[in-house]
Participant: 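Below is the structure I would like to discuss, written out as structure tokens.
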Amino acid sequence: PAREMSRTELSEFCKAAKEKEIEVEVFVHGALCMCLSGQCYFSAYLGGRSANRGLCAGTCRLPFKAQGGTGYDLSLKDLSLINFLPDLSEMGVVSFKIEGRMKRPEYVASATAAARQMVDEGRVDSKTLSLLEQVFSRDGFTSGYYEGNLGINMFGVRSEQDKQCSADALSKIHQLYRNERQKIPLNMEFRLKENEPAKLTLKTCGVTVTFTGDVPEKAINRPLTETRVTDALSKLGGTCYYPDKIDVFLENGLMLPISALNSLRKGAVEELNQKRLTEKPTKVAEKSEIKNSSVRKIKEFFVRFSNLKQFMECENLLQSLMGCSLPAEEILKGLENTAISTKTKNQLKNAYAELSRGAPDDRYTLSLLERIWKSGIRKAICSGIGAVNLATKKGFEVMGGFGLNLFNSFSLEVIKEKGINKAVISPELSFKEIEDLKTDGSIKLFAMCYGRQPLMLTRNCPVKNGVGCRGKTSGCKITDRKGQAFPVVCRNGFSEILNCKITDVSDSLDRIKADGGYLYLTLESPEGAKKVISDFLKGEVRSGADYTRGLYKTGVL
């Protein structure tokens with residue numbers, strides 16, 4: 001499950017997973033993303049590394065300041081749910097995940113030691129907790145999302161005092177991982193016959209190895225006994241195994257030195273480790289190669305309006321477009337507005353209803369879909385696979401939004417199987433990568449040609465760390481260390497951080513091998529929105545310091 005889920009949401013998730021016989025693993029300790037899982041483009045646009053593909057550059061740890069804020073208003077404290085492990089286990093979680101990426105061994109050791117103690121004993125002693133807090137924190141830990149306590153207390157930065165505490169704790173933490181924990185049961189079978197090499201067979205985790213040793217001699221004084229063999233084979237300290245069962249088949253009157261038994265045990269364990277590492281994984285059927293049968297070239301445009309005023313100003317241009325959309329709530333507001341003309345209401349019914357990437361829960365989405373359907377609208381844009389499933393089941397014609405992260409041909413095949421025939425491809429794709437996308441022509445691909453790319457969608461509004469929005473519906477922003485302002489807009493209890501510059505590739509449309517251009521209007525005035533659309537329809541080019549080509553030239557790592 002996503003890291004930003006609350007206890008109530010996790011509990012419901014676990015119940016649903018149990019019905020589908022899916023095991024649930026929850027992230028319980030480590031760095032928290034400011035953004036909703038899978039919806040961050042900040043790292044890609046500012047650092048060239050895709051957070052959505054596991055290469056986050058940690059952009060949110062840099063100084064971003066809201067008015068009156070902390071100066072680091074995108075930096076969350078590390079998550080720690082160690083004290084809640086019994087609760088999570090009770091709700092059906094079967095595995096706890098601890099962050100190890102880019103962390104020292106001491107960090108992993110202290111976190112796993114605390115979690116292990118909580119699982120085994122139902123509590124964590126003060127010494128272990130103290131080491132956990134010292135080894136790494138950003139002014140402490142948070143459980144904010146889980147407990148539903150959002151706000152400024154969830155934010156923190158790595159201070160000099162935090163760094164000094166870590167340095168002081170390292171030597172103490174080394175003791176936690178000096179010896180490997182013996183957690184894997186091992187079945188051992190020892191056979192010794194006259195004139196034959198000693199044999200030791202080890203079995204665990206579906207892997208079996210047989211290792212041979214020395215040939216025994218006739219005993220003169222002290223023949224080998226089952227007890228001595230068992231004692232020697234049980235010495236598995238320093239490995240991840242413990243003896244679960246030891247069978248000894250031993251002919252009488254034979255002698256083998258204990259040193260030979262030790263060598264036999266060590267050799268067998270080493271061979272077992274190697275076989276477990278190199279055991280071939282189960283083969284999964286590969287998808288057949290997708291052949292491209294369509295030639296794509298941008299000739300028409302699809303426009304996303306952010307509000308009714310933009311839409312009404314541009315009504316006369318709608319016939320020249322491939323289609324248009326508005327946030328679902330804006331459409332419903334327009335249809336319920338008695339001051340809006342019949343013509344406008346009819347045109348609204350032909351628009352796609354955009355379902356927000358940030359929705360409180362499925363109940364909200366279902367309720368919204370019900371209202372949209374009753375209003376006569378049958379088309380929706382969905383940026384989450386959950387929303388796609390809900391809208392498709394209801395009978396909507398679904399267009400895939402950019403939040404689906406459609407980055408390759410196989411992801412296009414997946415949405416095709418769900419009945420989607422129009423989709424906005426990932427804004428992280430380069431010119432060359434778009435050209436390489438393979439389709440059979442059954443899906444129309446749209447590429448972002450204009451707009452302030454949403455960089456982050458979060459449940460924590462950074463503006464609230466300072467003076468707050470004070471009821472404002474626009475004008476909120478955060479500022480980076482270079483003085484660049486990133487607008488912040490809010491809807492449905494979620495905050496969206498937009499790029500400081502507008503993506504505009506009006507002079508490079510011939511290089512984008514897509515079926516249509518996607519114009520994503522956000523903060524433009526009604527008149528500004530009309531000019532943007534008119535310029536694109538006329539083929540006029542804009543340029544200046546406020547514009548960027550996005551990632552089309554460079555792509556992402």
Participant: With a 3.5 Å distance limit and no angle check, can you tell me whether Ser426 reaches the backbone of Phe407 through a side-chain donor-acceptor pair?
Facilitator: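 No, Ser426 side chain to Phe407 backbone: no donor-acceptor pair under 3.5 Å.
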Participant: Tell me, yes or no, whether the heavy-atom count around Gln67 atom CD, taken from other residues, nucleotides or ligands under 6.0 Å, exceeds 12.
Facilitator: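 No, the 6.0 Å shell around CD holds no more than 12 heavy atoms from other groups.
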Participant: Do Cys469 and Cys490 come within less than 4.5 Å of each other through their side chains, counting heavy atoms only?
Facilitator: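 SC-SC contact between Cys469 and Cys490 ruled out.
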Participant: Is it true that, when you exclude Lys349 itself, more than 12 heavy atoms of the residues, nucleotides or ligands shown sit nearer than 6.0 Å to its NZ?
Facilitator: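 Not buried by this count: 12 neighbours or fewer within 6.0 Å.
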Participant: With side chain to side chain contact (heavy atoms under 4.5 Å, CB included) as the test, would you mind laying out the steps for Leu551 and Ser430 before giving the verdict?
Facilitator: CA-CA 6 Å; Leu551 299 166; Ser430 67; over 6 Å; no
Participant: In plain terms, say whether Lys438 and Glu413 are close enough for a salt bridge, that is, a side-chain N and a carboxylate O under 4.0 Å apart.
Facilitator: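 So Lys438 does not pair with Glu413 through a salt bridge.
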Participant: Please report the closest heavy-atom contact between Tyr45 and Pro427, naming both atoms and the distance.
Facilitator: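 Nearest heavy atoms, Tyr45 then Pro427: OH-CB, 3.5 Å.
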Participant: Can you tell me if NZ on Lys309 sees more than 12 non-hydrogen neighbours from other groups inside 6.0 Å?
Facilitator: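 No, the 6.0 Å shell around NZ holds no more than 12 heavy atoms from other groups.
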Participant: Should the heavy atoms of other residues, nucleotides or ligands under 6.0 Å from NZ of Lys531 be counted, would the total exceed 12?
Facilitator: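 Not buried by this count: 12 neighbours or fewer within 6.0 Å.
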Participant: I need the minimum non-hydrogen distance between Ser50 and Val556, along with the two atoms involved.
Facilitator: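 Shortest heavy-atom separation between Ser50 and Val556 comes out as CB-CG2, 3.9 Å.
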Participant: Taking Glu527 first and then Lys530, would you say they form a salt bridge - that is, a charged N and a carboxylate O separated by under 4.0 Å?
Facilitator: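 A salt bridge is absent here (no side-chain N lies under 4.0 Å from a carboxylate O).
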Participant: Side chains of Arg61 and Ser75 only: does a donor on one sit below 3.5 Å from an acceptor on the other?
Facilitator: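 Indeed, the side chains of Arg61 and Ser75 share at least one donor-acceptor pair under 3.5 Å.
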Participant: At their closest point, which heavy atom of Ala66 faces which heavy atom of Val463, and how far apart are they?
Facilitator: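 Heavy atoms only, the tightest pair is CB-CA, 3.9 Å.
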Participant: Residues in side-chain contact (heavy atoms from CB on, under 4.5 Å) with Arg7, at least two apart?
Facilitator: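 Testing Arg7 for side-chain contact (heavy atoms from CB on, under 4.5 Å), a comparison that skips the adjacent residues, returns Asp87, Met91, Tyr146.
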Participant: Could you walk me through whether Phe302 and Lys422 satisfy the side chain to side chain contact (heavy atoms under 4.5 Å, CB included) test, starting with their C-alpha distance in whole Å, then the side-chain angles of each, then the deciding distance to 0.1 Å, before giving a yes or no?
Facilitator: CA-CA 11 Å; Phe302 187 102; Lys422 295 187 185 74; 5.6 Å; no
Participant: Do Arg158 and Phe136 meet the cation-pi criteria used here (NZ or CZ under 6.0 Å from the six-membered ring centre, within 45° of the axis)?
Facilitator: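 Yes, Arg158 lies over the aromatic ring of Phe136.
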Participant: Would you check if there is a donor-acceptor pair between the side chains of Thr365 and Asp362 at a distance under 3.5 Å?
Facilitator: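 Looking only at side-chain atoms, Thr365 and Asp362 do not form any donor-acceptor pair under 3.5 Å.
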Participant: State, with a plain yes or no, whether a side-chain heavy atom of Leu390 is found less than 4.5 Å away from one of Leu366.
Facilitator: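 Yes, at least one pair of side-chain atoms sits under 4.5 Å.
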Participant: Nearest 0.5 Å, please: how far is CG in Asn337 from CG in Leu332?
Facilitator: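 It is 12.5 Å, given to the nearest 0.5 Å.
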Participant: Just by distance, no angles: are the side chains of Glu23 and Ser95 close enough, under 3.5 Å, to form a donor-acceptor pair?
Facilitator: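 Result is no, nothing qualifies.
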Participant: Donor-acceptor pair, distance only, cut-off 3.5 Å: does the side chain of Lys418 make one with the backbone of Asn389?
Facilitator: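 Pair absent, no side-chain N/O of Lys418 close to backbone of Asn389.
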Participant: Between Thr142 and Leu76, is there a side-chain heavy-atom distance shorter than 4.5 Å?
Facilitator: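 The answer is no, as the side chains (C-beta and beyond) never meet within the 4.5 Å cut-off.
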Participant: Given Arg459, which of Glu496, Glu4, Glu9 fulfils the salt bridge (Lys or Arg N to Asp or Glu O under 4.0 Å) condition?
Facilitator: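 Among Glu496, Glu4, Glu9, the one that satisfies the salt bridge (Lys or Arg N to Asp or Glu O under 4.0 Å) with Arg459 is Glu9.
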Participant: Only one of Ile381, Ile372, Val398, Val388 clears side-chain contact (heavy atoms from CB on, under 4.5 Å) with Leu355; which?
Facilitator: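 Testing Leu355 for a side-chain contact (heavy atoms from CB on, under 4.5 Å) against Ile381, Ile372, Val398, Val388 leaves exactly one candidate, Ile372.
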Participant: Does any part of the side chain of Ile340, heavy atoms only, come nearer than 4.5 Å to the side chain of Leu308, both counted from C-beta?
Facilitator: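 They are in contact (side-chain heavy atoms under 4.5 Å apart), so the answer is yes.
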Participant: With no hydrogens and no angle check, do the side chains of Asn460 and Thr458 hold a donor and an acceptor under 3.5 Å apart?
Facilitator: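 There is no such pair between these side chains.
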Participant: In plain terms, say whether Arg549 and Asp507 are close enough for a salt bridge, that is, a side-chain N and a carboxylate O under 4.0 Å apart.
Facilitator: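 Salt bridge present between Arg549 and Asp507.
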Participant: Is it true that, when you exclude Lys77 itself, more than 12 heavy atoms of the residues, nucleotides or ligands shown sit nearer than 6.0 Å to its NZ?
Facilitator: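 Yes, the 6.0 Å shell around NZ holds more than 12 heavy atoms from other groups.
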Participant: Show your working on side chain to side chain contact (heavy atoms under 4.5 Å, CB included) between Glu397 and Arg378 and close with a plain yes or no.
Facilitator: CA-CA 6 Å; Glu397 175 191 332; Arg378 299 292 183 264; 5.9 Å; no
Participant: Near Arg371 CZ, under 6.0 Å, is it more than 12 heavy atoms from other residues, nucleotides or ligands?
Facilitator: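 Count not over threshold, so no.
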Participant: Quick one: do Lys343 and Glu315 make a salt bridge, cutoff under 4.0 Å?
Facilitator: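 No, this pair does not count.
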Participant: Tell me yes or no: between the side chains of Asp139 and Tyr72, is some donor less than 3.5 Å from an acceptor?
Facilitator: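 No, Tyr72 and Asp139 have no side-chain donor paired with an acceptor closer than 3.5 Å.
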Participant: Assert yes or no for the condition that the ring centre distance of Phe486 to Phe42 is strictly below 6.0 Å.
Facilitator: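 Yes: the rings meet the under 6.0 Å criterion.
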Participant: Closer than 3.5 angstrom, by distance alone: can the side chain of Gln39 be matched with the main-chain N or O of Gly403 as a donor-acceptor pair?
Facilitator: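 At least one qualifying donor-acceptor pair exists.
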Participant: One thing to verify: whether Glu12 and Arg363 come together as a salt bridge, which I'm taking to mean a side-chain N less than 4.0 angstrom from a carboxylate O.
Facilitator: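 Result for this pair is yes, salt bridge flagged.
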Participant: Are any side-chain N or O atoms of Ser43 and backbone N or O atoms of Arg49, one a donor and one an acceptor, separated by less than 3.5 Å?
Facilitator: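 At least one qualifying donor-acceptor pair exists.
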Participant: Quick check for you: to the nearest 0.5 Å, what is the distance between Asp73 atom CG and Asn465 atom CG?
Facilitator: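 If we round to the nearest 0.5 Å, Asp73:CG and Asn465:CG are 4.5 Å apart.
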Participant: Only one of Ile497, Asn405, Asn499 passes side-chain contact (heavy atoms from CB on, under 4.5 Å) with Tyr41; say which it is.
Facilitator: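 Among the candidates, only Asn405 passes.
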Participant: Is the side chain of Ser411 donor-acceptor paired with the backbone N or O of Leu406 at a distance under 3.5 Å, no angle test?
Facilitator: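 No.
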Participant: Hey, are Glu435 and Lys432 close enough for a salt bridge, meaning a charged N less than 4.0 Å from a carboxylate O?
Facilitator: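 No.
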Participant: Working to the nearest 0.5 angstrom, can you tell me the gap between Cys324 SG and Phe301 CZ?
Facilitator: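 Cys324 SG to Phe301 CZ: 15.0 Å, rounded to 0.5 Å.
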Participant: Tell me whether Lys65 at atom NZ has more than 12 heavy atoms from other residues, nucleotides or ligands lying less than 6.0 Å away.
Facilitator: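 Counting neighbours around NZ of Lys65, more than 12 heavy atoms of other residues, nucleotides or ligands fall under 6.0 Å, so yes.
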Participant: Are Glu330 and Arg491 side-chain neighbours, meaning at least one heavy-atom pair lies under 4.5 Å?
Facilitator: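 A side-chain contact under 4.5 Å is absent here.
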Participant: Could you tell me how the ring of Tyr552 sits relative to the ring of Phe431: parallel (under 30°), tilted (30 to 60°) or perpendicular (over 60°)?
Facilitator: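 Taking Phe431 first and then Tyr552, their aromatic rings lie parallel (interplane angle under 30°).
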Participant: Would you name the heavy atoms of Val488 and Ile478 that are closest together and state the gap between them?
Facilitator: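 Residues Val488 and Ile478, closest heavy atoms: CG2-N, 4.1 Å.
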Participant: Given 3.5 Å as the limit, does a donor-acceptor pair link the side chain of Glu433 with the main chain of Leu429, or not?
Facilitator: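 Looks like no, no N/O pair under 3.5 Å.
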Participant: Checking side-chain polar atoms at under 3.5 Å, does Tyr520 have a donor or acceptor matched by the opposite partner on Gln453?
Facilitator: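 Result is no, nothing qualifies.
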Participant: Measure across Ile298 and Gly517 and return the closest heavy-atom pair with its distance rounded to 0.1 Å.
Facilitator: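 Looking at all heavy atoms of both residues, the shortest contact is CG2-N, 3.8 Å.
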Participant: Is the closest side-chain heavy-atom distance between Val303 and Ile533 below 4.5 Å?
Facilitator: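 Yes. Closest side-chain heavy atoms under 4.5 Å.
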Participant: Does Cys500 offer a backbone N or O that forms a donor-acceptor pair with the side chain of Arg452 under 3.5 Å?
Facilitator: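 It does hold such a pair.
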Participant: Is there a donor-acceptor pair closer than 3.5 Å between any side-chain N or O of Ser356 and the backbone N or O of Ala359?
Facilitator: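 Side chain of Ser356 to backbone of Ala359: no pair is present.
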Participant: Determine yes or no for a side-chain-to-main-chain donor-acceptor pair under 3.5 angstrom, with Asn492 supplying the side chain and Phe494 the backbone.
Facilitator: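 No.
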Participant: Are the side chain of Lys513 and the backbone N or O of Arg511 linked by a donor-acceptor pair below 3.5 Å?
Facilitator: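 Not at all, since once roles are kept as given, no pair shorter than 3.5 Å links the two residues.
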Participant: Would you indicate whether Lys482, at its atom NZ, is surrounded by more than 12 heavy atoms from other residues, nucleotides or ligands within a distance under 6.0 Å?
Facilitator: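 Atom NZ in Lys482 is not packed in, count stays at 12 or less.
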Participant: Does the side chain of Gln310 reach to within under 4.5 Å of the side chain of Glu524, using non-hydrogen atoms?
Facilitator: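 Gln310 vs Glu524: side chains touch.
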Participant: A side-chain contact here means heavy atoms from C-beta on lying under 4.5 Å apart; do Tyr145 and Leu150 qualify?
Facilitator: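 Of all side-chain heavy-atom pairs linking Leu150 with Tyr145, at least one is under 4.5 Å.
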Participant: Using the rule given for side chain to side chain contact (heavy atoms under 4.5 Å, CB included), can you reason through Cys60 versus Met456, listing the C-alpha separation, both sets of side-chain angles and the distance that settles it, and then say yes or no?
Facilitator: CA-CA 10 Å; Cys60 54; Met456 190 176 278; 4.3 Å; yes
Participant: Which heavy atom of Leu509 sits nearest a heavy atom of Cys449, and at what distance?
Facilitator: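 Closest approach of Leu509 to Cys449, heavy atoms only: CD2-SG, 3.7 Å.
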